[in-house]
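Remarks on the structure that follows.
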Amino acid sequence: MLLGKVFSKPEKTKMYYRKIISEINSLGINSMWIVVIISLFVGAVITIQTDYNIENPLLPRYLIGVSVRDMLFLEFSSTMVALILAGKVGSSISSELGTMRITEQIDALEIMGINSASYLILPKIIAAMFFFPFLTTLSALVGISGGYLVALLTNITTPQEYIFGIQYVFYPFYYTYSLKKMIVFAFIITSVSAYHGYYAEGSSLEVGKSSTRAVVQSCIFILMFNLILTKLILQ
Amino acid sequence: MIEVRNISKSFGDVKVLDDISVTFEKGMTNLVIGKSGSGKTVLLKSIVGLHEVDEGEILYDNRAFNKMNFKEKKEIRKEIGMLFQGAALFDSLTVEENVRYPLDMFTDQSYEEKRERVDFCLKRVNIENSNKLFPSELSGGMRKRVGIARAISLNPRYLFCDEPNSGLDPQTAILIDALIKEITLEYDTTTIVNTHDMNSVMEIGDKVVFIYEGIKCWEGSKNDILTSTNKYLNDFVFANNLAKQIKIKANETN
């Protein structure tokens, strides 16, 4: 029912356009730093762990680069980044809408004759579905750079071997698979969180609880849809 | 004029409004009074359509509001201004943006025209040089005044105020009351004010409706209150010693 209200015709397209730009900034651009930091360290750690697990001297060292690339594209930059964003963006959406609900700001919009669900939630969904795939790309690039730094600063593998591995038998399909998953996850994060915030009731304590529920449910849905999408797309 | 005919509203098994009928007159400040939890806010929110009533009719100048579809209701809502208990200003917007918001949404005015209107509304509620402040930087009284400025930005025909004086000191409360009264006369609005502040009743109450446990228990003018024999009304209005003294004096005079 809420989604029905959300996807109804906007009152004034110009205002929605402005709101989408502002949401891209608050949900997307403001999340770049956390994605960069986590991806950099995870890329570095995957490099070290892959080296640790390649014990056979017959296996070529460039496999480290291959593993880092595939792990990032197939799982980390979409699913793990989505779980991180569910925590950061999901709680922010839920608490923002919840606070607006209990301080009667949503009622104020309704009384003005504005479809509050559409005006508040649709720009968030559009902004996230548009911008989160960029975060996936950024995460993969920064993660690979993290691995490169390890190759450069340690004797685990040489930078040349690492770069060769990154380029070795690359399927662009892995990248599009990752982007497709992230678009679905973006929808899940924003819609589930918005639902919990929009229907929050009572006091600030309840807003906190709905925020927690939003994050937990978003994470569960992300993991469920990760399995479903992987099955559908990869097999 | 707003007419409420036989409206009832329940939440689960709890009946919050029970067969209420009342007419709120145009160009007058109509006050709804009653204890906390008596159903005043539910009545107000039912009239503006935030709650769907279970039974009855709500007529805005003979237009059956609660029977309308979303589009028709939207047209009426453009004629409504509402001041909420906590002012309900949008936290992420400045004072100027808050007041301009209805103009942005519903008019095709140029930026200059809108700014002029915003300045006029803010001046009208005696707020100047605060355009760029955020709601969190305002005092309770200022927030209420900005709320009134936003409510009048589209020249409303109907003005609703939910507990406009809650959390305000007596002097600021009198200023807010005076502002509501002035705006009612100036814009010739049908104004409905929810309150349990007896000062407001005596200051601006052209018509007073008393709600007791979801039932309309009494209605009349503010002067009628002093001579009323309604037990529930008397218990509510003359709960404190000062009010009791006023009642005794009024009876002596009569």
Side-chain angles (χ1 to χ4, degrees), chain A residues 1-2 4-27 30 92-124 127 197-204 207, chain B residues 11 41-42 44-52 65 68-93 97-109 111 135-136 143 146-147 150-151 153-154 156 158-163 166:
Chain A
M1 244 176 87
L2 179 66
K5 274 178 83 183
V6 168
F7 289 105
S8 57
K9 192 172 168 271
E11 271 90 17
K12 206 167 185 181
T13 323
K14 198 174 141 193
M15 291 290 282
Y16 274 64
Y17 175 73
R18 273 192 222 154
K19 194 109 171 70
I20 290 169
I21 301 294
S22 130
E23 296 295 354
I24 286 176
N25 184 45
S26 75
L27 303 181
N30 286 347
S92 141
I93 290 174
S94 180
S95 53
E96 178 194 330
L97 294 180
T99 306
M100 286 188 79
R101 169 64 74 192
I102 64 163
T103 56
E104 297 181 312
Q105 292 175 51
I106 291 180
D107 288 346
L109 284 171
E110 289 286 332
I111 282 174
M112 285 179 205
I114 295 164
N115 178 349
S116 62
S118 173
Y119 180 71
L120 294 172
I121 300 172
L122 187 60
K124 291 184 197 305
Y198 192 79
Y199 289 115
E201 275 178 355
S203 61
S204 50
V207 174
Chain B
F11 292 106
T41 301
V42 175
L44 199 72
K45 288 191 171 178
S46 299
I47 294 171
V48 295
L50 287 175
H51 293 316
E52 291 286 330
F65 182 65
M68 290 175 176
N69 61 31
F70 181 77
K71 239 183 180 178
E72 291 167 327
K73 275 186 183 170
K74 202 170 143 180
E75 289 308 308
I76 298 241
R77 280 183 167 148
K78 286 179 193 167
E79 300 171 359
I80 292 175
M82 182 152 179
L83 172 64
F84 286 87
Q85 199 168 348
L89 300 178
F90 304 126
D91 292 330
S92 56
L93 305 181
E97 288 165 342
N98 261 288
V99 180
R100 201 178 62 215
Y101 192 84
L103 302 170
D104 283 337
M105 282 312 260
F106 298 114
T107 70
D108 292 317
Q109 291 176 358
Y111 179 74
S136 57
R143 289 169 69 95
V146 175
R150 185 176 67 184
S153 63
L154 283 176
Y158 312 100
L159 181 65
F160 298 91
C161 306
D162 187 17
E163 307 275 5
S166 69

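No hydrogens, no waters, no symmetry mates; every other heavy atom, side chains included, goes into these values. The chains referred to below are lettered A, B, ... by the order of the sequence lines, with proteins before strands, and numbering in each begins at 1.
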Rounded to the nearest 0.5 Å, what separation is found between the CG atom of B:Leu93 and the CD atom of A:Gln105?
-> 8.5 Å
B:Asp108, CG atom: more than 12 neighbouring heavy atoms under 6.0 Å | no
Chain A contacts, top residue of B:Met105, B:Arg150, B:Lys78, B:Glu75 (heavy-atom pairs, under 4.5 Å) = B:Met105
Verdict with supporting geometry, A:Asp107 and B:Met82, side chain to side chain contact (heavy atoms under 4.5 Å, CB included) | CA-CA 10 Å; A:Asp107 288 346; B:Met82 182 152 179; over 6 Å; no
The interface call for B:Phe70 against chain A, heavy-atom contacts under 4.5 Å, is side chain
From B:Tyr101 atom OH to A:Met15 atom CE, the distance as rounded to the nearest 0.5 Å | 5.0 Å
Rounded to the nearest 0.5 Å, what's the gap from CG on A:Leu109 to CZ on B:Arg77? Could you check?
-> 11.5 Å
Determine, stepwise, if the pair A:Thr103 / B:Phe84 fulfils side chain to side chain contact (heavy atoms under 4.5 Å, CB included).
-> CA-CA 9 Å; A:Thr103 56; B:Phe84 286 87; over 6 Å; no
Under 4.5 Å from any heavy atom of chain A - which part of B:Gln85 = both
Tell me, for A:Met112 versus chain B, whether the close heavy atoms (under 4.5 Å) come from the side chain, the backbone, both or neither.
-> both
Measure the CD-CG distance between A:Glu104 and B:Leu50 for me, rounded to the nearest 0.5 Å.
-> 8.5 Å
Looking at B:Lys73 and A:Glu110, does any basic side-chain N land under 4.0 Å from a carboxylate oxygen?
-> no
Tell me, for B:Ile76 versus chain A, whether the close heavy atoms (under 4.5 Å) come from the side chain, the backbone, both or neither.
-> neither
